[in-house]
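See below for the structure under consideration.
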There are 2 protein chains.
Amino acid sequence: MNALQLFFKESHQLSPDDLHFIVNHFEMISAPKGTILFHEGMVVDAVYFIAEGVLHHFNYNENGEKTTLDLHNGPCFCTDLESFSDGKKSEDSCVTLTDSTLFKLTKDKYDALIKTDVKWSNFAKDIIEKTLIKMLDQLKTVSTKTIEQRYLDLVKNSPLIIQSASVADIASYLGTSRETLHRIRKKNIFA
Amino acid sequence: MNALQLFFKESHQLSPDDLHFIVNHFEMISAPKGTILFHEGMVVDAVYFIAEGVLHHFNYNENGEKTTLDLHNGPCFCTDLESFSDGKKSEDSCVTLTDSTLFKLTKDKYDALIKTDVKWSNFAKDIIEKTLIKMLDQLKTVSTKTIEQRYLDLVKNSPLIIQSASVADIASYLGTSRETLHRIRKKNIFA
DNA sequence: TTGTTAGTGTGTCATTTGACACAGTAGAAG
DNA sequence: CTTCTACTGTGTCAAATGACACACTAACAA
């Protein structure tokens with residue numbers, strides 16, 4: 001049983017047949033470090049399930065400065081939803097920071113799946129809803145906790161991200177400068 | 001035709017019958033300034049459509065400090081999704097800052113609606129998806145733009161929020177102190 | 001009227017932060 | 001091995017920020 005099946009089995013009650021049916025719509029991809037899932041200017045026509053690996057989701061602001069939007073650590077889904085959903089050109093890019101195992105679901109197959117059965121429409125709704133709850137929580141965390149607290153949480157909960165991403169990218173993710181993150185790290189050598 | 005019908009008509013293609021059917025599940029509420037939609041500790045068993053009015057969505061962190069999570073300005077939906085979806089006790093509170101017109105959909109009716117027809121399941125999925133895209137954009141804005149830029153955007157796009165919320169609450173929403181927001185306002189008297 | 005309360009405007013000051021500069025290091029490529 | 005490149009570590013300093021303090025105003029109740 002692969003990571004995708006395990007994820008679906010634990011998060012939703014699906015019969016073995018349903019599990020098999022849904023997983024067969026995904027294509028497994030072994031993506032070495034440095035693989036570009038999508039980049040600025042392209043239409044993102046797939047959603048990826050990250051079974052294993054760390055991914056860097058970023059964009060460039062109007063001054064050409066790189067901003068880290070997210071550091072994904074599987075298992076979780078990853079796409080540019082606005083591009084995937086509306087067919088717009090993406091403003092973001094996403095690259096693997098470690099060798100990764102991904103499962104790709106193309107938009108064609110996704111759309112077909114949604115139309116097949118109420119069950120799959122509700123399935124998609126639940127996944128989107130869970131993602132929204134996660135994002136709302138992230139927004140709450142950003143406005144409530146200090147950068148130091150968030151860094152320590154990251155060290156505790158996602159050591160793989162700390163290992164794989166550069167200080168500059170982590171600093172950008174936390175919304176501070178490379179130097180300030182360095183001060184925080186020096187202060188918390190024990191962590 | 002009321003604001004809810006107008007919103008649904010513009011955001012989704014619905015037949016007049018469908019429009020009538022869905023809107024009839026909502027209850028219209030005239031909520032004077034100071035009305036509490038939900039508060040910390042209660043299970044939020046309804047989703048609200050804000051037809052008109054400004055609402056303050058906030059919580060208290062572990063130090064007992066009030067943090068503004070959102071300042072809603074209709075037309076838009078408002079609930080504590082995690083509480084509504086999972087039946088958990090809410091950590092947040094939501095209060096009207098102006099006399100408001102709301103449309104309330106209880107969880108019972110929502111659940112029944114979802115089961116009725118694929119159409120309503122997909123309808124809910126689309127609304128949740130749009131909300132998620134909005135939240136992702138908000139998260140991007142928070143990490144990309146300066147507080148001053150965000151304040152000026154707020155003045156430009158949501159003058160009602162600026163008029164209705166206190167300086168302290170807006171500062172908290174932007175992630176800064178009352179005093180720093182005051183400096184920004186002094187610097188931009190023209191705005 | 002007089003308190004009372006909540007919110008605003010503003011000055012001072014210590015602290016934090018970001019920007020800049022540069023040395024050190026590790027890994028890749030020749 | 002040497003060179004190149006990217007990243008890390010670190011010091012200095014000016015600027016931004018938050019905390020504190022207090023006067024002022026408006027709304028409301030006694």
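Just so we're on the same page: letters track the sequence lines, and every chain starts at 1.
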Could you list who else is in B:Leu37's hydrophobic cluster, with ILVMFWY side chains joined at under 4.5 Å, directly or through other members? B:Ile29, B:Phe38, B:Met42, B:Val44, B:Tyr48, B:Ile50, B:Leu55, B:Leu102
Check A:Lys88 with A:Glu82, please: is the shortest side-chain N to carboxylate O separation under 4.0 Å? yes
Look at A:His182 and D:dT10 and indicate whether a side-chain polar atom (N or O) is within less than 4.0 Å of OP1 or OP2. yes
What's the separation between atom CG in B:Asp92 and atom CD in B:Glu40, rounded to the nearest 0.5 Å? 8.0 Å
Going by the rule ring pair (Phe, Tyr, Trp, His ring centres under 6.0 Å), which residues pair with A:Tyr110 if we only count those two or more places apart in sequence or in a different chain? A:Phe84
To the nearest Å, give me how far apart NZ (B:Lys187) and P (D:dA15) are. 14 Å
Residues A:Phe21 and A:Leu113: closest non-hydrogen pair is CE2-CD1, 3.7 Å
Could you state the NZ-P distance from B:Lys66 to C:dG7, rounded to the nearest angstrom? 7 Å
Take the C1' atoms of the five end pairs on each side of the helix from C:dT1-D:dA30 to C:dG30-D:dC1, derive the two axes, and give their angle rounded to 10 degrees. 40°
Length of the line joining B:Ile184:CD1 and C:dT8:C1', which is rounded to integer Å: 16 Å
Would you say B:Ser177 places a side-chain N or O within less than 4.0 Å of OP1 or OP2 belonging to D:dA19? no
Taking the six-membered ring for Trp, is the centroid-to-centroid distance between B:Phe58 and B:Tyr173 below 6.0 Å? no
Where does the angle between the aromatic ring planes of B:Phe123 and B:Phe8 fall among parallel (under 30°), tilted (30 to 60°) and perpendicular (over 60°)? perpendicular
Listing request: all salt bridge (Lys or Arg N to Asp or Glu O under 4.0 Å) pairs with a residue in residues 11-22 of chain A, at least two apart in sequence or in separate chains. A:Asp18-A:Lys119
Please work out whether the ring planes of A:Phe77 and A:Phe49 are parallel, tilted or perpendicular, with thresholds of 30° and 60°. perpendicular
When rounded to whole Å, the CD to P distance for the pair B:Gln149 and D:dA16 reads 15 Å
In whole angstrom, what separates B:Ile170's CD1 from C:dG9's P? 11 Å
Is A:Lys186 near enough to D:dG11 that one of its side-chain N or O atoms lies under 4.0 angstrom from OP1 or OP2? yes
Roughly how many Å is it from CD in A:Glu65 to P in C:dG18, rounded to a whole number? 13 Å
Please write out the pairs of protein N or O atoms and N or O atoms of nucleotides 20-23 of chain D separated by less than 3.5 Å, giving the distance to one decimal.
from	atom 1	to	atom 2	distance (Å)
D:dC20	N4	B:Glu179	OE2	2.8

So does B:Glu129 pair up with A:Lys125, basic N to acidic O under 4.0 Å? no
Give the rounded distance in Å between these two atoms: CG of B:Leu181 and P of D:dA19. 15 Å
Go along nucleotides 24-29 of chain C 5' to 3' and tag each nucleotide: B for a protein heavy atom under 4.0 Å from its base, S when only backbone or sugar atoms are that close, - otherwise. ------
Can a side chain N or O of A:Ser166 be found less than 4.0 Å away from OP1 or OP2 on D:dC7? no
Check step by step if salt bridge (charged side-chain N to carboxylate O under 4.0 Å, His left out) holds for A:Asp126 and A:Lys130. CA-CA 6 Å; A:Asp126 287 349; A:Lys130 283 207 169 79; 5.8 Å; no
Assess whether one donor atom and one acceptor atom, taken from the side chain of B:Arg183 and the base of C:dG11, lie less than 3.5 Å apart. no
